[in-house]
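Working notes for the structure below.
As the structure is a computational prediction, the values presented were derived from the model and not from experiment. Below, chains carry the letters A, B, ... as their sequence lines are ordered, and counting in each starts from 1.
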Amino acid sequence: MENGQLIIRTSNDFSFSENLQYLSRSADECMFHLRDGRVTRAIDVEGEPVLFRIEGHPDGILVTVDGEATEGAKAGVERFVHDWLDLGRNLEPFYELGERDPILRDAVRLHHGLRVVGIPDLFETFVWAILGQQITVSFAYVLKRRFVETFGRAIEADGVTHYLFPSAERVAGLEPEALRGLKIPARKSEYIIGIARLIADGDLTREGLLALGGDRAIEHRLTAIRGIGPWTANYVLMRCLRSPDAYPAADVGLHNALKLVAGMDRKPTLPEVEAFAEPWKGWRAYATFYLWRYLNSEAERV
DNA sequence: GTCCAGGACTCGC
DNA sequence: GCGAGTCATGGA
């Protein structure tokens, strides 16, 4: 094995190709680059940019760290990948309940080994969630790309530009008008800058939120912030704070997936959305993520 | 032109 | 506490 390489061993409930399929869902994704079954991206490790790539390996995931690849950089990348792909999760209980559940069965069989792909950076998660409110995912990707290319740090490697997500400190110093040229709606710009200031001032941290205890306490804290409603709070719980049970019940994509899988001629009402999830308690974030994935794969099939 | 997208806020009651 | 109107952009 080369100097900058390491292998992260994974369980049978992890499929590199399934997660790669999810990561390749948008050509406008700007936080990593895909080619030949490999994912390359830059992250911040203790203030320094580190470029790395991951690919499938018979024993798990092969990680290659670019450049000097100090022990600190390798450890930081390993931590990141572990969090990004939720590698510490034992999915057996979820798959057992999925096999028993008529709504989830096809999704868990078809996408076995998929993880709730995370967004380890708290600020990035908030921005992505706010941008995604009420607009199509494809347009949200366009807005995110403009935002990242304008305010993020760029790293050139092998003719490809990689970006670090803009820091909360950088965005905290902006005025909403600075985002107008990117076609980010004025109100969303206010939300984003407000969150950036909370994070930059140390008033909003991942550790601080997790210390609140359960999902309900965290949701209560988050929805007190301007621009954060129940959907966004649960989205952040799912993608960044790693709750396996977060449930963005108002999600339109979830509604469409339930309509499809349950064979309904209309979208479910909110009480129905809650009722569907009753048997999924403990795993509602995983159920939601699999249903999103299933809806996308069905759409691609047509 | 109308409707819908991975919602949230404000206002009136 | 709850329903209706508003916000902004882009694709079908």
Heavy-atom side-chain contact between Tyr163(A) and Arg153(A) under 4.5 Å: no
Bracket string, DNA chain B, 5' to 3' - pairs by Watson-Crick or G-U geometry under 3.5 Å, | interstrand: .||||.|||||||
Hydrophobic cluster identity match, Leu182(A) and Phe123(A), side-chain contacts under 4.5 Å: yes
Length of the CH2-P vector between Trp292(A) and dA5(B), whole Å: 15 Å
Side chain Asp245(A), main chain Arg284(A), donor-acceptor under 3.5 Å: yes
Sugar-phosphate only, base, or nothing, as touched by Pro248(A) at under 4.0 Å among non-hydrogen atoms: nothing
C1' atoms of dA8(B) and dG11(C), separation to the nearest Å: 23 Å
Polar side-chain atom of Arg35(A) near backbone of Val39(A) as donor-acceptor pair, under 3.5 Å: no
dC9(B) versus dG10(C) - spacing of their P atoms, nearest Å: 23 Å
Spacing between Gln134(A) atom CD and dT9(C) atom P, to the nearest angstrom: 14 Å
P spacing across the pair dG5(C) / dT2(B), given as an integer number of angstrom: 16 Å
Touch class at under 4.0 angstrom, heavy-atom based, for Arg293(A) against every strand present: nothing
Mutual orientation of the aromatic rings belonging to Phe289(A) and Tyr22(A) [parallel < 30°, tilted 30-60°, perpendicular > 60°]: tilted
Along DNA chain B (nearest heavy atom to each residue), the more 5'-positioned of Gly227(A) and Leu254(A): Leu254(A)
Interatomic distance where CG belongs to Leu131(A) and C1' belongs to dC7(C) [whole Å]: 15 Å
Sugar-phosphate only, base, or nothing, as touched by Ser138(A) at under 4.0 Å among non-hydrogen atoms: nothing
Same cluster (ILVMFWY, side-chain, under 4.5 Å), Leu237(A) and Leu131(A): yes
Rounded distance in Å - CZ (Arg146(A)) to P (dT9(C)): 10 Å
Nearest-nucleotide 5' precedence on DNA chain B, Ile225(A) against Arg25(A): Arg25(A)
Nearest-angstrom distance from the residue atom CG of Asn296(A) to C1' of dA5(B): 13 Å
Touch class at under 4.0 angstrom, heavy-atom based, for Leu143(A) against every strand present: nothing
Nearest-neighbour nucleotide for the Thr232(A) side chain, dA5(B), dA8(B), dT9(C) considered: dA8(B)
Nucleic acid contacts - residues 170-199 of chain A versus DNA chain C, non-hydrogen atoms under 4.0 Å: Arg180(A), Lys183(A), Pro185(A), Ala186(A), Arg187(A)
dA5(B) phosphate, OP1 or OP2, under 4.0 Å from Asn256(A) side-chain N/O: yes
Rounded interatomic separation in angstrom, taking NZ from Lys144(A) and C1' from dT9(C): 18 Å
Tyr191(A)-Phe126(A) aromatic ring centre distance below 6.0 Å: no
Distance in angstrom units between Arg226(A) CZ and dG7(B) P, rounded: 18 Å
Pair listing, ring-ring contact (aromatic ring centres under 6.0 Å, His included) test, anchored in residues 87-119 of chain A, at least two apart: Phe94(A)-Trp283(A), Phe94(A)-Tyr286(A), Phe94(A)-Tyr290(A), Tyr95(A)-His112(A)
CD (Glu48(A)) with more than 12 external heavy atoms under 6.0 Å: no
hydrophobic_cluster_shared for Met31(A) and Ile155(A), side chain cutoff 4.5 Å: no
N/O donor-acceptor pair, side chain Gln133(A) with base dA8(B), under 3.5 angstrom: no
Nearest-Å distance for atom pair CG/P, residues Asp251(A) and dA8(B): 10 Å
